[in-house]
Amino acid sequence: MFSNISWGEMMILVVAALVILGPERLPGAIRWTGRTLRQVRDYATGATTSLKQELGPEFEEIRKPLEQLNELRGMNPRSMVTKHLLDGDDSLFTGKFDKPVSAPSSNYGSFSMPEPAKPLERNERPPLDPDAT
């Protein structure tokens, strides 16, 4: 339930609760919070169990679209391309190819990086590019 809260954030919450509630009421508040969370978890488990018993095999049919939504929730552009276009082969992204690609034998198609521009001198105006304005 609290898997997305780090230890640092948890410590900030504890310190804030200590300041707000004080050392006298903090243990009781923690016990109350634990009891309430346990009850909510028990209610959710009981509702799921009773729903499974009521619906029987139809429960799995209802659950399939929810599982598909959870799968889509974990998708990002890289996993989407890997799954649908590359059939799960992520070697394109990891740089691990089966065969190394050799460099072209001629200068045709070769590309060299342009020289970096020197910094402008003091009070020197940058060149004007009419196409960029």
Side-chain angles (χ1 to χ4, degrees):
M1 179 174 205
F2 295 110
S3 62
N4 57 352
I5 296 177
S6 68
W7 284 104
E9 292 169 340
M10 191 69 78
M11 290 304 297
I12 290 172
L13 289 174
V14 168
V15 169
L18 185 62
V19 170
I20 293 170
L21 297 174
E24 307 88 32
R25 291 186 281 171
L26 186 61
I30 291 174
R31 275 193 301 273
W32 177 83
T33 304
R35 233 183 354 251
T36 304
L37 288 174
R38 199 171 311 116
Q39 284 179 341
V40 168
R41 191 178 329 128
D42 291 343
Y43 289 147
T45 303
T48 304
T49 305
S50 66
L51 193 61
K52 278 183 183 178
Q53 290 174 352
E54 293 289 325
L55 292 177
E58 295 173 1
F59 181 77
E60 292 302 321
E61 293 176 16
I62 293 172
R63 206 170 160 169
K64 285 178 187 177
L66 294 175
E67 289 175 0
Q68 290 173 347
L69 283 175
N70 282 335
E71 182 180 326
L72 287 176
R73 196 176 288 159
M75 284 287 186
N76 57 33
R78 178 179 173 172
S79 62
M80 195 79 127
V81 168
T82 302
K83 180 179 178 185
H84 294 289
L85 297 179
L86 304 174
D87 295 326
D89 180 25
D90 67 343
S91 63
L92 179 69
F93 299 114
T94 58
K96 299 176 184 173
F97 295 104
D98 293 334
K99 297 179 184 177
V101 178
S102 62
S105 58
S106 67
N107 286 341
Y108 179 73
S110 65
F111 178 75
S112 63
M113 295 295 292
E115 291 293 322
K118 64 178 181 109
L120 297 175
E121 297 294 325
R122 184 176 172 96
N123 294 330
E124 182 181 358
R125 299 187 85 171
L128 179 65
D129 185 5
D131 292 334
T133 56

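If you read the sequence from its start, that first residue is 1, and numbering goes on from there. Quick note: numbers below take in every heavy atom, side chains included, and nothing from hydrogens, waters or symmetry partners.
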If you group Ile, Leu, Val, Met, Phe, Trp and Tyr by side-chain heavy-atom gaps below 4.5 Å, do L13 and M11 land in one group? no

Is there a path of hydrophobic side-chain contacts, each under 4.5 Å between heavy atoms of I/L/V/M/F/W/Y residues, joining L21 to L18? yes

Which heavy atom of P65 sits nearest a heavy atom of E61, and at what distance? CD-O, 3.2 Å

What's the spacing between [X] [atom1] and [Y] [atom2] if we round to 0.5 Å?
| X | Y | atom1 | atom2 | value |
| --- | --- | --- | --- | --- |
| L120 | R125 | CG | CZ | 11.5 Å |
| K52 | I62 | NZ | CD1 | 12.5 Å |
| L26 | R31 | CG | CZ | 10.0 Å |
| F59 | T49 | CZ | OG1 | 9.0 Å |
| T48 | Y43 | OG1 | OH | 14.5 Å |

Flag yes if more than 12 heavy atoms outside E67 fall under 6.0 Å of its CD atom; otherwise flag no. yes

Looking at E58, I'd like to know if its CD atom is crowded, meaning that more than 12 non-hydrogen atoms belonging to other residues, nucleotides or ligands lie closer than 6.0 Å. no

